[in-house]
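Structure record follows, encoded as structure tokens.
Owing to the predicted nature of the structure, the values given are computational and were not obtained by experimental measurement. Protein chains get the first letters and strands the later ones, always in sequence-line order, with residue 1 at the start of each.
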Number of protein chains: 2
Amino acid sequence: MAGRAAVPEVIWARPERTGRGPKPAFTRADIAAAAVRIADAEGLEAVSMRHVAAELGCGTMSLYNYVPRKEDLYELMIDSVGAEHEIFEPTGDWRADMLRNAEETRAIMRRHTWVPRLMSGVYGFSPNTLRYLEHCLACLEPLDVPAGTKTELIALVNGVVTTYTANDIATVERTRSMPWSEEEENAVRMAYLGSQVATGAYPRLAAAFMEQSGPVDLEAVFRRALERVLDAYDPELR
Amino acid sequence: MAGRAAVPEVIWARPERTGRGPKPAFTRADIAAAAVRIADAEGLEAVSMRHVAAELGCGTMSLYNYVPRKEDLYELMIDSVGAEHEIFEPTGDWRADMLRNAEETRAIMRRHTWVPRLMSGVYGFSPNTLRYLEHCLACLEPLDVPAGTKTELIALVNGVVTTYTANDIATVERTRSMPWSEEEENAVRMAYLGSQVATGAYPRLAAAFMEQSGPVDLEAVFRRALERVLDAYDPELR
DNA sequence: AGCGCACTACGTACGCTGTACGTAACTAGG
DNA sequence: CCTAGTTACGTACAGCGTACGTAGTGCGCT
């Protein structure tokens, strides 16, 4: 019966099952896993209600018993990969710990290249997100600043990781399901960039491109940016 | 005739018009402006080829003469709002200038709330993006570090602006076209968050939430984060 | 014990999407 | 002037999210 609710709803506040009626055939985790599997293998645009239902082996509309709107499926997916974060024992060195957390986030995003695109549209207080936030706060215990500053630091680190990794990944995700390769796409884009810089309209940009010799080490760039951010919050450096 | 190309293509490398045949009825700017108007007024999901074509007063398929794929329309939109960046004369104070640039980016995103969501999927070497990049490099002229470090600083600032502003905006964009208000959605989410924190599963998170009294000043948080990032690149502070 | 209700399951249908393809009109270059 | 390359756009198709209705299931209450 029902009809969808006319009131906002957080999927995590919904109980997973309610007792009356037939036992649900799937858990939320099952559904999230299926969606993640599809997104990993065929790209985010392949994640449709029909496709996920087929992967689970049930009718399309049955999915709506578990997930009121597609957006909630996305939230499930984000939470699902959040579980991949290792909650380790803080070492007492908050910089090293946060660096480790950041590298792990980056690794997760590399494994699941659709994550950055979903992150900018999702609210982000899923269970695993909260768990990770709590873990970061534990890592920052030795840092002697107000709690508010700590959460700001965490947000900043996550932001940097997301932006940098999203850029690395963008081409991969875009060329998926295109009839040409990532290398071809990159070559065409670089050729265009070169032609623009060559017009002389962007002298400083041109100089910057001339300066760099050889390919960029994305990993090194990423780590440098992160170190800078941590520097900015390190009392011992001020 | 045609049939779409089986080779990657940068829309900016396409000439706007080619000489033979009837004069194109629209410029790329016209199309971008129409799409931006729709996205601003009705949200990003209302930007469809049909809708944009209607806004321009032409048939749906005519649009494909100008924009080979919808993704390219997105690229046009990003470039279009990039034109809103004021290219001012650098003052000689790189920190102040970059702060101004960042505030402007934030303002643009607030005017066009769909920008952050598009940014994580778009490559980003459009004419106006290049123009802005060049402008930032001009602002950083007084800063005595290698050009590579400067571009890293710019990337970091843009990343921070995007992440922070995206979070502020997420709810607004989500509740558009929903039968409930932004305040209602926020209330429901906050209630859920409170209930989770109250379980005691996240003690440090709970403490952080207790510490803050009164509503958060998002603008102040944003500015603080930015200052930290600039600190991290300021030679006078190391 | 058994009734009723809350729940699961899912087929059908609607309005929307991106876009492939074919045809007609137009105009600059040879 | 002719023709080749372009613009314009109607039609069509596969796929999307999801509203709605119906059938079946089993817990909780009387």
Side-chain angles (χ1 to χ4, degrees), chain A residues 1-6 9 11 14-28 30-31 35 38-39 42-77 121 174 176-179, chain B residues 1-6 9 11 14-28 30-31 35 38-39 42-77 121 174 176-179:
Chain A
M1 185 95 32
R4 234 53 65 201
E9 201 176 358
I11 187 158
R14 269 196 170 202
E16 266 223 60
R17 45 160 307 183
T18 44
R20 203 85 72 102
K23 306 219 151 140
F26 317 105
T27 65
R28 233 169 244 169
D30 291 336
I31 295 170
I38 292 171
E42 303 171 53
L44 185 57
E45 70 285 351
V47 177
S48 71
M49 296 303 269
R50 276 170 241 263
H51 203 140
V52 172
E55 174 87 13
L56 288 165
C58 72
T60 306
M61 291 317 288
S62 307
L63 249 186
Y64 281 90
N65 285 320
Y66 304 87
V67 176
R69 299 182 314 264
K70 189 179 182 190
E71 189 203 288
D72 293 305
L73 181 60
Y74 287 149
E75 208 141 348
L76 253 50
M77 291 170 72
R174 195 191 4 261
R176 190 203 297 274
S177 86
M178 288 293 176
Chain B
M1 188 101 23
R4 235 52 66 199
E9 200 176 0
I11 187 157
R14 268 197 170 203
E16 268 225 58
R17 46 161 307 185
T18 44
R20 202 82 74 99
K23 305 218 152 141
F26 317 104
T27 65
R28 232 169 246 171
D30 292 334
I31 296 170
I38 293 171
E42 304 171 55
L44 185 57
E45 71 286 350
V47 177
S48 71
M49 297 301 268
R50 277 170 241 264
H51 203 141
V52 173
E55 174 86 12
L56 287 166
C58 73
T60 306
M61 292 317 288
S62 309
L63 251 186
Y64 281 89
N65 285 319
Y66 303 86
V67 176
R69 299 181 315 264
K70 190 179 183 190
E71 187 204 289
D72 294 304
L73 181 60
Y74 288 149
E75 208 140 350
L76 253 50
M77 292 171 72
R174 197 193 1 263
R176 190 202 298 275
S177 87
M178 289 293 177

Does the pair A:Phe26 and A:Cys58 meet the rule for a side chain to side chain contact (heavy atoms under 4.5 Å, CB included), with working shown? CA-CA 10 Å; A:Phe26 317 105; A:Cys58 72; 3.8 Å; yes
Evaluate B:Ile11 against B:Arg28 for side chain to side chain contact (heavy atoms under 4.5 Å, CB included), listing each step before the verdict. CA-CA 10 Å; B:Ile11 187 157; B:Arg28 232 169 246 171; 4.2 Å; yes
Measure from CD1 on B:Ile31 to P on D:dT7 and round the result to the nearest Å. 11 Å
Whole-Å distance, B:Leu56 CG to D:dA8 C1', equals 13 Å
Does C:dT8 have OP1 or OP2 sitting under 4.0 Å from an N or O in the side chain of A:Tyr66? no
A:Arg14 CZ to C:dC7 C1': how many Å, rounded? 12 Å
Return yes if some donor-acceptor pair links the side-chain N/O of A:Glu55 with the main-chain N/O of A:Ala35 below 3.5 Å, else return no. no
Please pick, from C:dT19, C:dC5, D:dT7, the nucleotide with the shortest atom-to-atom distance to any side-chain atom of B:Asn65. D:dT7
If you check every side-chain atom of B:Arg20, which of C:dG29, C:dG11, C:dT19 has the closest atom? C:dG29
I need the minimum non-hydrogen distance between B:Met49 and B:Val67, along with the two atoms involved. CE-O, 4.3 Å
State, to 0.1 Å, how close B:Arg14 and B:Asn65 come at their nearest heavy-atom pair, and which atoms those are. NH1-O, 3.5 Å
Select base, sugar-phosphate, or nothing to describe what A:Gly59 touches, counting heavy atoms under 4.0 Å on all strands. sugar-phosphate
Picking from C:dC26, C:dT19, D:dT25, the nucleotide nearest the side-chain atoms of B:Arg69 would be C:dT19
Atom OH of A:Tyr64 to atom P of D:dC20: distance rounded to whole Å? 13 Å
Rounded to whole Å, CG of A:Asp30 lies from C1' of C:dA9 at a distance of 16 Å
Identify all pairs in which a protein N or O lies below 3.5 Å from an N or O of nucleotides 14-16 of chain D, and state each distance.
unit_1: D:dC16; atom_1: OP1; unit_2: A:Ser48; atom_2: OG; d: 2.9

For DNA chain D, whose closest nucleotide is more 5', that of B:Ser62 or that of A:Tyr74? B:Ser62
Indicate whether the side chain of A:Thr27 and that of A:Asp30 have a donor and an acceptor atom separated by less than 3.5 Å. yes
Which part of the nucleic acid does A:Ala53 contact within heavy-atom distance under 4.0 Å: base, sugar-phosphate only, or nothing? nothing
Rounded to the nearest 0.5 Å, what's the gap from CD1 on B:Ile38 to OG on B:Ser48? Could you check? 7.0 Å
Pairwise 5' ranking along DNA chain C for A:Cys58 and B:Glu71, keeping only the more 5' one: A:Cys58
Under the side chain to side chain contact (heavy atoms under 4.5 Å, CB included) rule, what do A:Asp72 and A:Glu9 come out as? Steps first, then yes or no, please. CA-CA 10 Å; A:Asp72 293 305; A:Glu9 201 176 358; over 6 Å; no
Whole-Å distance, A:Met61 CE to C:dA13 C1', equals 11 Å
How does DNA chain C read in dot-bracket, base by base from 5' to 3', with Watson-Crick or G-U pairs under 3.5 Å and | used when the partner is on another strand? ||||||||||||||||||||||||||||||
Got a second to check how far A:Arg50's CZ is from A:Met61's CE, nearest 0.5 Å? 9.0 Å
Set out, in order, the CA-CA distance, both residues' side-chain angles and the distance that settles side chain to side chain contact (heavy atoms under 4.5 Å, CB included) for A:Glu42 and A:His51, then state yes or no. CA-CA 11 Å; A:Glu42 303 171 53; A:His51 203 140; 3.1 Å; yes
B:Pro22 has its side chain closest, among D:dA19, D:dT7, C:dT19, to D:dT7
Separation of C:dT8 atom P from A:Arg28 atom CZ, nearest Å, is 11 Å
